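Have a look at the structure below, then the notes.
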Amino acid sequence: MKVAPPSQRLSQRRLAARPQLTEDRVTLLRSKVLFVILILSCAICASAQTSGFDLVITNGHIIDGTGSPWYSGDIGVRDGKIAAVGNLSSSTRKRTIDASGKVVAPGFIDMLGQSERTILVDPRLPSKIYQGITTEITGEGGSIAPLNDAIIQADRRSYDYYKITPDWRTFREYFARLERQGLGINLASYVGATQVRRMILGEDDKQPTPDQLEQMKALVRGAMRDGAVGVSTSLEYAPAPYAKTEELIALAAEAGKLGGIYATHMRDESNSVLDALDEALRIGSEAHVPVEVWHIKVAGKANWGRMPQLVAKINAARAAGADVTADTYAYTAWSNDFSAFVPPWAHDGGTARLVERLKDPATRARIRKDLLTPSSAWDNEWQEIPGPDAVLITQVLNPQLTPMQGKRLSEIAKMWNKDPMDALFDFIIADPDSSVAVFSMSQPDVTFALQQSWVAIDNDSEGTSPEGILGQAHPHPRAYGTFPRILAKYVREDKALTLEDAIRKFSALPAQRMRLADRGVLKQGMWADIVIFDPATVRGRATFENPNQFSEGMDFVLVNGSPVIENGKMTNALPGRVLRGPAYAP
């Protein structure tokens, strides 16, 4: 047997031992590194809990948005986000807000806001922030983009009224304009199926060719990549009623593939409301997309008491796996275009053609006959109202008709010495872009809808102000008062909701629906959209007679950590952000 010399045997032993020694050292080194990381993490965590906040909200009753009961604690905000929740008494901070005796809650999310134009007029959106609204979702059928020259010309009266220059064509360009000027609240938008239809088909009552439908689908994809949150419809207003269900499925499917949802002002909200809901559910099912039913209602006295049927159908659909939810503004009067009283066929070709038809005696007689004839083929609002006194003029673009704002159709008919329907037709001729509030819902139906666990809240009104050009209108009071009114009427007075459930409907529920994973709940890491208010005094002051009044009771409203309302007054800060959808491609 050959034996290696001692020096060689020693080298072999060293070589054999070296891998094991190296592994031990690596293990030891890893342990030390992990220990250091752990110590540093604890130190950073402790520092976050005890020092360096931009502001700390103390002594409040925290209602976190989840529906859980309130609890006591402090909230620390740093760099626009909630950095800590708990006992922060020993922490350092730049300022303290004492919320003693007040509720501290997530900022409210308006599921349908309509401010895409007025935010260009007054980016603070005073009527919104005084309600506690920190985020708005907008884009009802006719969205702010995409745009072409034909649409701009057709909508020229509105742009001129607000003194807006439409210098964008895409959502990307519009969002960039918002970011350059600043926003008082966060804003997201759907792309409207009506807008897409107008881009390719104009205002006409016709169906798209396969090639045209592909162009429409491409516009939806482009809007989603620009940051839209989904596709929306407003199927009562021309040219939207001309779209067949299959067209809407095709467009909604494009949004669904890119993580968006389908939101709808349904085709009918009165006699055929259940059929309209079936259509919305079909679109959701075949397009593989979640469905949001905007401002859920049953309209017209003949339909009062039918809300339980509508709710039952939605509950059944949800039980079967359909992802469908809804929202409400919880008033018994809705608001829309005055021209919505005219049947869809009379809108074919756009506003100018509508006016021509109303001026033509024979066509006008046909329109009158349609209004007087009950029908389930279209949403006939004339059949839904108890009389002309149920129609209130809210906004006109024709300055000669400004004195008519705030008056009922019955009053105008008397002033003009005309039959109420003729007064309606002549008013539309003089101002085809006028708006009205219509009183024709029952309070029990409204309350029942509000109480459903899957119903969030929408303002369904543009942000406005008592000042300047915005203050010249006479809006539906929901523009100023929806959220505080729910807290005062449905929570405090009627006790139809608990405060915790109302806050959930204002915050976590809409955030969940809109996939806003970093908003809607008060917890560490979320954006600091926060409201502080006294639940015993908060209220909406706006009325149908005098709507241009701010709500009361919001002591502080923070948007991304910055106060836009401080001690009950506007700060004029513009800390809002554009919230882009899941398919956004920078």
Side-chain angles (χ1 to χ4, degrees), residues 110-112 114 127 131 140 236 265-266 268-271 273-274 276-277 293-311 314 326-338 340-341 379-395 406-411 435-452 455-461 474-497 502 505-506 539-549 551:
D110 182 353
M111 287 294 278
L112 177 57
Q114 315 281 17
S127 65
Q131 294 184 61
E140 185 187 6
E236 184 179 353
H265 173 151
M266 297 193 299
D268 193 297
E269 295 176 319
S270 58
N271 296 343
V273 65
L274 296 179
L277 178 58
V293 177
W294 273 327
H295 44 66
I296 186 171
K297 68 172 70 73
V298 284
K301 191 168 184 179
N303 295 297
W304 288 4
R306 295 184 66 194
M307 182 58 72
Q309 298 177 36
L310 194 61
V311 166
I314 291 177
D327 49 69
T328 178
Y329 43 79
Y331 284 83
T332 56
W334 66 82
S335 183
N336 58 11
D337 298 337
F338 206 178
F341 276 93
D379 198 341
N380 187 342
E381 292 193 4
W382 190 263
Q383 293 294 318
E384 296 165 15
I385 60 174
D389 60 329
V391 182
L392 175 75
I393 308 299
T394 57
Q395 183 175 26
K407 295 188 182 300
R408 307 280 178 145
L409 177 58
S410 54
E411 296 177 79
S435 303
V436 293
V438 182
F439 298 80
S440 196
M441 287 184 278
S442 80
Q443 186 61 63
D445 282 339
V446 171
T447 301
F448 189 71
L450 177 64
Q451 291 174 319
Q452 304 310 307
V455 171
I457 309 302
D458 71 88
N459 215 52
D460 199 13
S461 291
H474 186 102
H476 190 302
R478 68 191 184 191
Y480 286 88
T482 299
F483 288 78
R485 178 175 177 271
I486 290 173
L487 292 173
K489 173 178 172 55
Y490 295 95
V491 175
R492 195 166 66 231
E493 298 169 11
D494 297 350
K495 295 180 173 47
L497 296 174
K505 289 174 175 292
F506 294 177
R539 69 185 183 108
R541 297 173 59 235
T543 64
F544 286 99
E545 294 73 28
N546 186 13
N548 289 301
Q549 302 184 78
S551 291

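Position 1 is the first residue of the sequence; numbering continues from there. FYI, side chains are in, hydrogens and waters are out, and symmetry mates aren't considered; it's all heavy atoms of this structure. Owing to the predicted nature of the structure, the values given are computational and were not obtained by experimental measurement.
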Report task. Apply side-chain contact (heavy atoms from CB on, under 4.5 Å) to the pair Asn380 and Phe341, showing each step before the final yes or no. Result -> CA-CA 7 Å; Asn380 187 342; Phe341 276 93; 5.9 Å; no

Query raised in the report: Looking only at atom types and distance, does a side-chain atom of Glu269 sit under 3.5 Å from a main-chain N or O of Met266, one as donor and one as acceptor?
Result: no

Query raised in the report: If we only count heavy atoms from C-beta on, is the Trp334 to Lys297 side-chain gap below 4.5 Å?
Result: yes

Query - Between His476 and Phe544, ring centroids under 6.0 Å - result: yes

Report task. Indicate yes or no for a side-chain donor-acceptor contact from Gln395 to the backbone of Pro475 under 3.5 Å, with no hydrogens or angles considered. Result -> no

Query raised in the report: Looking only at atom types and distance, does a side-chain atom of Gln131 sit under 3.5 Å from a main-chain N or O of Ala479, one as donor and one as acceptor?
Result: yes

Report task. For the pair Thr394 (side chain) and Ser435 (backbone), establish whether a donor and an acceptor sit closer than 3.5 Å, ignoring hydrogens and angles. Result -> yes

Requested in this report: Assess Arg478 against Tyr331: is NZ or CZ under 6.0 Å from the centre of the six-membered ring, and within 45 degrees of the ring's axis?
Outcome: no

Report task. Starting at CE of Met441, measure out to NZ of Lys301 and round the result to the nearest 0.5 Å. Result -> 15.0 Å

Query raised in the report: Could you walk me through whether Val391 and Phe439 pass the side-chain contact (heavy atoms from CB on, under 4.5 Å) check?
Result: CA-CA 7 Å; Val391 182; Phe439 298 80; over 6 Å; no

Query raised in the report: What are the two closest non-hydrogen atoms of Arg492 and Lys495, and how far apart are they?
Result: O-NZ, 3.2 Å

Report task. Salt-bridge test for Lys489 and Asp494: reply yes if a basic N is under 4.0 Å from a carboxylate O, no otherwise. Result -> yes

Report task. Answer yes or no for Arg485 and Tyr480: cation-pi contact, defined as NZ/CZ to six-membered ring centre under 6.0 Å and angle to ring axis within 45°. Result -> no

Query raised in the report: Between Thr447 and Gln443, does any side-chain donor sit less than 3.5 Å from a side-chain acceptor?
Result: yes

Query raised in the report: What's the spacing between Asp460 CG and Tyr329 OH if we round to 0.5 Å?
Result: 6.0 Å

Query raised in the report: Is the backbone N or O of Thr328 less than 3.5 Å from a side-chain atom of Asp458, with the two atoms forming a donor-acceptor pair by type?
Result: yes

Query raised in the report: Between Val298, Val438, Asp379, which is the residue that forms a side-chain contact (heavy atoms from CB on, under 4.5 Å) with Glu384?
Result: Asp379

**Report entry** Nearest-0.5 Å distance, OG of residue Ser442 to CZ of residue Arg306
**Finding:** 12.0 Å

**Report entry** Residue among Asp445, Ile314, Val273, Leu277 satisfying side-chain contact (heavy atoms from CB on, under 4.5 Å) with Ile296
**Finding:** Ile314

Requested in this report: Could you pull out the closest heavy-atom pair between Ala390 and Ile385, with the gap in Å?
Outcome: CB-CB, 4.2 Å

Query raised in the report: Looking only at heavy atoms, what is the nearest atom pair of Gly406 and Leu392, with distance?
Result: O-CD1, 3.2 Å

Query raised in the report: Any side-chain donor-acceptor pair under 3.5 Å between His265 and Glu236?
Result: yes

Requested in this report: Without swapping roles, check the side chain of Ser440 against the backbone of Ala299 for a donor-acceptor pair under 3.5 Å.
Outcome: no

Query - Any donor-acceptor pair under 3.5 Å from Lys505 side chain to Leu450 backbone - result: yes

Query - Nearest heavy-atom neighbours spanning Val436 and Ser335 - result: O-OG, 2.9 Å

Report summary line: Between Gln451 and Ala496 the two heavy atoms that sit nearest each other are NE2-O, 3.1 Å

Report task. Would you confirm whether Asp110, through its side chain, and Asn459, through its main-chain N or O, come within 3.5 Å as a donor-acceptor pair? Result -> yes

Query - Polar contact flag, side-chain donor to acceptor under 3.5 angstrom, Asn336-Glu381 - result: yes

